[in-house]
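The structure under discussion appears below in the form of structure tokens.
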Amino acid sequence: MTTNYGELSHQMFEVLGLMRRASSTRSTEQHGIHHGQGHLLSILMQHDNLSQKQLADIVHIRAASVTDLLEKMENDGLVTRTKDSSDRRITRVSISDKGLQLMHENAKVRQQVDQIMFGTLTDEELSELDTIHQKIISSLTTEVENNQ
């Protein structure tokens with residue numbers, strides 16, 4: 001087999017795009033949030049009470065863009081923002097009860113999409129795919145860390 005990295009890369013992007021569309025279509029229809037909001041809520045579930053700057057750094061987007069997203073999310077009751085008690089210049093962000101409930105509902109959607117995507121693969125194919133993904137993640141992580 002001739003190695004065609006371009007085609008493999010294209011296929012990976014196509015899979016990622018289809019996963020995102022399948023998830024966001026179901027999520028938007030059911031809950032009215034989009035991918036960027038879900039990503040921020042997911043991070044806040046893992047690391048609650050982050051500063052807006054920390055959140056922007058984690059998602060690798062401009063602080064102003066995070067602020068815009070958070071304003072809408074706060075208006076929708078998905079997050080709360082409070083001034084840091086020791087440094088009033090810092091705004092802390094926490095996921096609200098409504099945001100937590102939404103994320104639990106979206107986890108069900110994600111399970112549906114995962115079942116559609118992986119349900120036709122055998123255990124052996126899933127194991128091979130996991131091994132391949134781990135190798136790709138490892139090499140990309142090394143590359144990113146070496147070029148920071």
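Sequence positions, counted from 1, serve as the residue numbers for this chain.
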Quiz item: What distance separates Leu55 CG from Leu69 CG, expressed to the nearest 0.5 Å?
Solution: 9.0 Å
Quiz prompt | For the student: nearest non-hydrogen atoms of Leu78 and Leu41, plus distance | solution = O-CD2, 3.8 Å
Exercise. Please round to the nearest 0.5 Å and tell me the distance separating atom NE2 of His47 and atom CD1 of Ile58.
Key: 5.5 Å
Quiz prompt | Minimum heavy-atom distance Ala56-Ala63, with the two atoms named | solution = CB-CA, 3.9 Å
Quiz item: Given side chains that start at C-beta, do those of Gln101 and Asp97 come closer than 4.5 Å, heavy atoms only?
Solution: no
Quiz item: Which atoms form the tightest heavy-atom contact between Ser51 and Ile90, and what is the distance?
Solution: CB-CG2, 3.6 Å
Quiz item: Met45: what forms a side-chain contact (heavy atoms from CB on, under 4.5 Å) with it, not counting sequence neighbours?
Solution: Ile95, Leu100, Met103, His104
Self-check item: Gln115 and Gln111: side chain donor to acceptor below 3.5 Å
Solution: no
Quiz item: Does the pair Glu71 and Thr67 meet the rule for a side chain to side chain contact (heavy atoms under 4.5 Å, CB included), with working shown?
Solution: CA-CA 6 Å; Glu71 282 179 9; Thr67 299; 3.7 Å; yes
Quiz item: Does Glu7 have any side chain to side chain donor-acceptor pair (under 3.5 Å) partners at least two apart in sequence or in another chain, and if so, which?
Solution: Gln11
Quiz item: Transitive ILVMFWY cluster of Ile137 at side-chain heavy atoms under 4.5 Å: who else is in it?
Solution: none
Exercise. List for me each residue that meets side chain to side chain donor-acceptor pair (under 3.5 Å) alongside Asn146, sequence neighbours excluded, and say none if there are none.
Key: none
Self-check item: Residue Asn75 excluded, over 12 heavy atoms near CG under 6.0 Å
Solution: yes
Quiz item: Passes side chain to side chain contact (heavy atoms under 4.5 Å, CB included), Gln37 versus Lys72? Steps please.
Solution: CA-CA 9 Å; Gln37 292 174 330; Lys72 178 164 180 17; 3.8 Å; yes
Show me the donor-acceptor pairs within less than 3.5 Å that the side chains of residues 125-135 make with the rest of the protein, sequence neighbours left out.
unit_1: Glu125; atom_1: OE1; unit_2: Thr122; atom_2: N; d: 2.8
unit_1: Glu125; atom_1: OE1; unit_2: Thr122; atom_2: OG1; d: 3.4
unit_1: Thr131; atom_1: OG1; unit_2: Ser127; atom_2: O; d: 3.1

Practice problem: Decide yes or no on side chain to side chain contact (heavy atoms under 4.5 Å, CB included) for Arg110 and Asn106, but give the supporting numbers first. | Solution: CA-CA 6 Å; Arg110 187 56 158 262; Asn106 281 347; over 6 Å; no
Quiz item: Got a sec, which residues hit side chain to side chain donor-acceptor pair (under 3.5 Å) with Glu143, two or more places apart in sequence or on another chain?
Solution: Asn147
Quiz item: Tracing side-chain links under 4.5 Å among I, L, V, M, F, W and Y, which residues wind up in one group with Leu18?
Solution: none
Practice problem: Any chance you could lay out the side chain to side chain contact (heavy atoms under 4.5 Å, CB included) test for Met19 and Val15, step after step, and finish with the verdict? | Solution: CA-CA 6 Å; Met19 283 174 54; Val15 167; 4.0 Å; yes
Quiz prompt | Gap separating the CG atom of Leu70 from the OG1 atom of Thr91, nearest 0.5 angstrom | solution = 9.5 Å
Self-check item: Of all pairs that satisfy salt bridge (Lys or Arg N to Asp or Glu O under 4.0 Å), the ones with a partner from residues 38-62, not counting sequence neighbours
Solution: Lys53-Asp57
Self-check item: Least distance between heavy atoms, Lys98 atom then Asp76 atom
Solution: NZ-O, 2.8 Å
Self-check item: same_hphob_cluster(Met117, Leu121) at 4.5 Å side-chain heavy-atom cutoff
Solution: yes
Exercise. Any pair with a residue in residues 80-91 that passes salt bridge (Lys or Arg N to Asp or Glu O under 4.0 Å), sequence neighbours left out, goes on the list, sorted by first then second residue, please.
Key: Glu74-Arg81, Asp84-Arg92, Asp87-Arg89
Self-check item: Thr80: partners by side chain to side chain donor-acceptor pair (under 3.5 Å), with sequence neighbours left out
Solution: none
